[in-house]
Amino acid sequence: MTWNFRITVRGRFAGLDEEQRCSLRSAQDDHDMLSASFSPEGTFLYTPELVNYQHRFLVTSDEADRDDAETLANIRAEELSVADLAARGLGGRTTSVSAVCVEDIKVRPRTRS
């Protein structure tokens, strides 16, 4: 079975110099928490305080067991997060990784009022 997970990788910036801070602040509008989405390539988000950041990924796994699929999806998302920070020349450390299986999301039918 194919499993789809919305993965949120949370972390803290580390060792940002003034040039990096200025660059991040100038691009803040493109990385605002309100413009967040889950995508295979990931969305990089951070607050103006430049303390914490998030990456949001949509990760697909073909593992037969749901728990194995979630574990592998979490590992993959964390690897993608680390690689994205490195590509941006930023330092940071992961503080948590959380997953929601899209197949577990229940959509309530709309009621007419």
Side-chain angles (χ1 to χ4, degrees):
M1 178 171 187
T2 299
W3 304 95
N4 296 290
F5 294 94
R6 290 181 173 178
I7 312 280
T8 302
V9 180
R10 291 178 177 83
R12 294 181 63 89
F13 287 114
L16 295 178
D17 61 30
E18 197 55 40
E19 183 179 331
Q20 290 170 319
R21 289 179 178 282
C22 288
S23 176
L24 288 168
R25 284 193 181 107
S26 69
Q28 173 65 47
D29 290 343
D30 297 332
H31 302 280
D32 185 68
M33 295 290 183
L34 298 177
S35 64
S37 65
F38 292 90
S39 65
E41 59 277 355
T43 303
F44 179 53
L45 309 164
Y46 53 89
T47 58
E49 297 81 23
L50 302 178
V51 175
N52 300 309
Y53 65 86
Q54 285 186 16
H55 280 100
R56 294 185 180 185
F57 298 100
L58 181 62
V59 179
T60 301
S61 179
D62 292 325
E63 293 296 312
D65 181 72
R66 184 200 178 284
D67 291 338
D68 289 345
E70 182 174 341
T71 299
L72 291 173
N74 283 341
I75 291 168
R76 178 69 182 137
E78 189 169 4
E79 289 171 345
L80 290 169
S81 176
V82 169
D84 184 66
L85 277 183
R88 295 172 188 274
L90 302 172
R93 65 177 176 82
T94 301
T95 57
S96 69
V97 180
S98 60
V100 173
C101 182
V102 175
E103 286 74 26
D104 290 345
I105 297 174
K106 305 251 189 282
V107 178
R108 294 183 188 184
R110 292 184 124 183
T111 58
R112 294 188 172 199
S113 44

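Since the structure is predicted, the reported quantities are computational estimates derived from the model, not experimental observations.
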Residues in side-chain hydrogen bond (donor to acceptor under 3.5 Å, both in side chains) with [X], at least two apart?
X: Asp62; value: Thr2
X: Arg88; value: Asp84
X: Asn52; value: Arg12
X: Arg25; value: none

Distance-minimising heavy-atom pair for [X] and [Y]:
X: Thr8; Y: Gln54; value: CG2-OE1, 3.7 Å
X: His55; Y: Ser81; value: ND1-OG, 2.8 Å
X: Ser98; Y: Arg10; value: OG-NH1, 3.4 Å
X: Ala99; Y: Asn74; value: CB-OD1, 3.3 Å

Exercise. Calculate, to the nearest 0.5 Å, the distance between atoms CD and CG belonging to Gln28 and Leu45 respectively.
Key: 9.5 Å
Practice problem: Kindly give the cluster partners of Leu24, where membership spreads through any ILVMFWY side chain lying under 4.5 Å from a current member. | Solution: Phe13, Leu16, Phe44, Tyr46, Leu50, Tyr53, Leu85, Leu90
[X]: side chain to side chain contact (heavy atoms under 4.5 Å, CB included) partners, not counting sequence neighbours:
X: Ser39; answer: Glu41, Thr43
X: Asp17; answer: Glu19, Gln20
X: Cys101; answer: Trp3, Phe5, Arg66, Glu103, Asp104
X: Leu80; answer: Phe57, Arg76

Quiz item: Does CZ belonging to Arg6 count more than 12 external heavy atoms closer than 6.0 Å?
Solution: no
Quiz item: When clusters are formed by joining ILVMFWY residues with side-chain heavy atoms under 4.5 Å apart, either directly or through shared neighbours, do Met1 and Val59 land in the same one?
Solution: yes
